[in-house]
Amino acid sequence: MTLISAPAGYGKTTLVSKWGPQSGRIIAWLSLEEGDAELSQFLTSFIFSLQTISEMIGRDVLEVLQSPEVLPMQTMIESVLRDTSTLAPFMFVLDDYHLAKSQAVDKAISFLVDHLPSHMHLVMITREDPSFPLARLRAQDQLTELREADLRFTPPEVEGFLNEVMRLNLPKDKLDELALRTEGWITGLQLAALSIQGDHGSDRFIQSIAGSHHFVLDYLVEEVLERQTLAVQSFLLHTSILDRLSGPLCDAILLDSKISGSERLLDLERQNLFVIPLDHERRWYRYHHLFAESLRRRLEDHQGSTRIAEIHQRASVWYENQGLEIEAFRHAADAGDIDRAARLLEGGGMPLHLRGAAGISLKWLASLSATELDARPALWVMYGSVLLITGKPTHVELKLQAAEAALEGVEQDVRGRDLIGLIAATRAAVGSLMMARHPHGTHHKLQAAEGFMQMTEQEDKSDNLIELIAPGKVTSESETQEIDQVIYESNRALEYLRPDNLPVRTSAAWMLAVSSQRRGDYPGARKAYNEVISYSHVMGHKPMAIMSLIGLGQLNEAENGLFLARECYEEAIRQAGELPLPALHEAKLGLERVKIILRSGMKNYLVEPLSQRELEVLALIAKGLSNRDISETLFLAMDTVKGHNRRIFEKLQVRRRTEAIVRAHELNLLPDLHKPH
């Protein structure tokens, strides 16, 4: 691991971007943002970056990250590292790590470092050291460090940069003065050079420069901007609202056809005007962070809020057209466009807060007034759901009640009914938490469940929710009442939700299945699990289908349908493939249990006796008659014959006719054809 840790403006990113291509290794580069502090979003960004090397890396883990399945961080990282095993030596760069720094992400990186394969070189660029222990890595000679003292320009380097690169031809005394005033801070030197170029001299500049980095930067940005053409000034100021810049995006927000955004960015890079390329193709850039901060302050001073909102609005439209809805939502919120932000938040059936935007969604909703929320009842519903996902269930019911009050008198069209369904689904989840149990056995109510979830730093608590809500046995009358309430709300959700609202319908059906299984209503649980499987296949969402197959296996096992249980467990394992789902452990254990019972004690045991009619059908099966022949022989409808076949197979615990005949002979269920009448 290489750690490059220093304050802003010391050229950390520039250093790695120049050194990396010379290392002889292929490079995956991840520039982190604040939203990446959530573990699920960090891992998603981590995998997307690795996929720039090979598209096959982490595909299974990405699928799991979109499911409600609880998956240990360690398991996901191990799976991703296995996918890189065939790669040539490569470098993975984590840029701006301080922006995504959190306990959860620190743990993930610590685990990654401990399990780093020999062909992977991790480079971390940060303003703050990570929280995991570095001393052990130093002791094991597994860490190279570059810090402010290493990055600070020495007098000879100051001379090389100012006189050879920037061509200022300054005398030694001026160079020494600049080195002293800037303390080798490359951003200060770069801005100083641009200012001196525009001023055709260094005396006035050297006399003016003083104070902290931020003060100097503000002064120098102003000096540099005034030396640019009005077109360049306008470009810099108006694009400063963007975290990342591309030519088409800049074109969309500026509406200036004189020179394309791509050409402008290349020109700024050639002029060293603090744009940093984020890829080798020069498609995406970002401004130096401090440079961008000063530009934004200047934009706010010189442009009205209406004009700035228009820029955010255009950025939002562009991002939405590119399918980047989270970025589109951020800019709509910054534009103050409540209606647009609300529509984007709802996400066309898959709300953004379920796709890694829980933190920014909650922050925006909390900024709205009750009047603004009342005018848009859907936002009250989203508010309740976001609070649940961020681990604050004690606050959910008040939002749902506010939503119901706002919906009073509103015509129950398709959208209105869907909101009622969303309210019911959210209540079902909160009700399930009321029955949650602590891993160590302490009984939870809502406050305790919230306390448990708030112990983790990541904003999206989906994994904690799944961990707390699990099938179990009913132990008290009060729990029976709570389960009944969850079943009621889940059924209500399925009644009101749009047929095409598959993500929420799947969640509601899953909640219904788990609660019914917990209640002992196996037929109801079986029906709900099958519904989840159906929805999952339509969405192409394999993890939920696998978990439901495991649930069906548990139901069949509990009812002594061992052959059917075996079939469900085997199908779950087959569909999972290489998916690192923790629930597969239960499937494998269940499969082993069933196999042991089938091998040892079931040979001469029949769970439920066959009826007289079923014995008649079984005898005709043994004679080799088809379903149609049996139908005609016994004067039964074809569907009735098929129903008898299904029940016979279940009772004999077999899957096909040949197995049924063998099993029937073992149990002496067939008439002796050689015995005289």
_Test side chain to side chain contact (heavy atoms under 4.5 Å, CB included) applied to Thr75 and Val61, step by step_ = CA-CA 9 Å; Thr75 304; Val61 175; over 6 Å; no
[X] side, atom [atom1]; [Y] side, atom [atom2] - distance, nearest 0.5 Å:
X      : Y      : atom1 : atom2 : value
Met56  : Leu50  : CE    : CG    : 14.0 Å
Arg376 : Glu346 : CZ    : CD    : 11.5 Å
Ser385 : Leu379 : OG    : CG    : 12.0 Å

*Ser536: which of Val532, Ile533, Val538 passes side-chain contact (heavy atoms from CB on, under 4.5 Å)*: Val532
*Test Leu591 against every option in Glu570, Glu567, Glu557 by the side-chain contact (heavy atoms from CB on, under 4.5 Å) rule and name the one that passes.*
Glu570
Say whether, by atom type as modelled, one donor and one acceptor occur between the side chain of [X] and the main chain of [Y] under 3.5 angstrom.
X      : Y      : result
Ser548 : Ala545 : no
Ser79  : Met76  : no
Asp374 : Ala406 : no
Glu63  : Lys542 : yes

Not counting sequence neighbours, which residues clear side-chain contact (heavy atoms from CB on, under 4.5 Å) with [X]? List them please.
X      : result
Leu62  : Thr44, Ile47, Phe48, Gln51, Leu65
Ala328 : Ser316, Tyr319, Glu320, Leu344
Glu495 : Arg417
Gln41  : Asp36, Glu38, Ser45

Would you say the side chain of [Y] lies within less than 4.5 Å of the side chain of [X], judging by non-hydrogen atoms?
X      : Y      : value
Leu634 : Arg613 : yes
Val641 : Arg628 : no
Val430 : Glu397 : no
Val514 : Ser516 : no
Ile326 : Ile360 : yes
Tyr569 : Gln554 : yes
Thr390 : His395 : no
Met539 : Met544 : no

*More than 12 heavy atoms of other residues, nucleotides or ligands under 6.0 Å from CD of Glu616: is that the case?*
yes
*asked:* Holding to salt bridge (charged side-chain N to carboxylate O under 4.0 Å, His left out), I want the full list of residues that pass it with Arg330, two or more places apart in sequence or in another chain.
replied: none
*Which side-chain hydrogen bond (donor to acceptor under 3.5 Å, both in side chains) pairs, counting each pair once, include a residue from residues 634-644, with sequence neighbours left out?*
His644-Arg647
*Walk me through it: do Asn556 and Arg526 pass the test side chain to side chain donor-acceptor pair (under 3.5 Å)?*
CA-CA 9 Å; Asn556 288 320; Arg526 182 174 281 106; 2.9 Å; yes
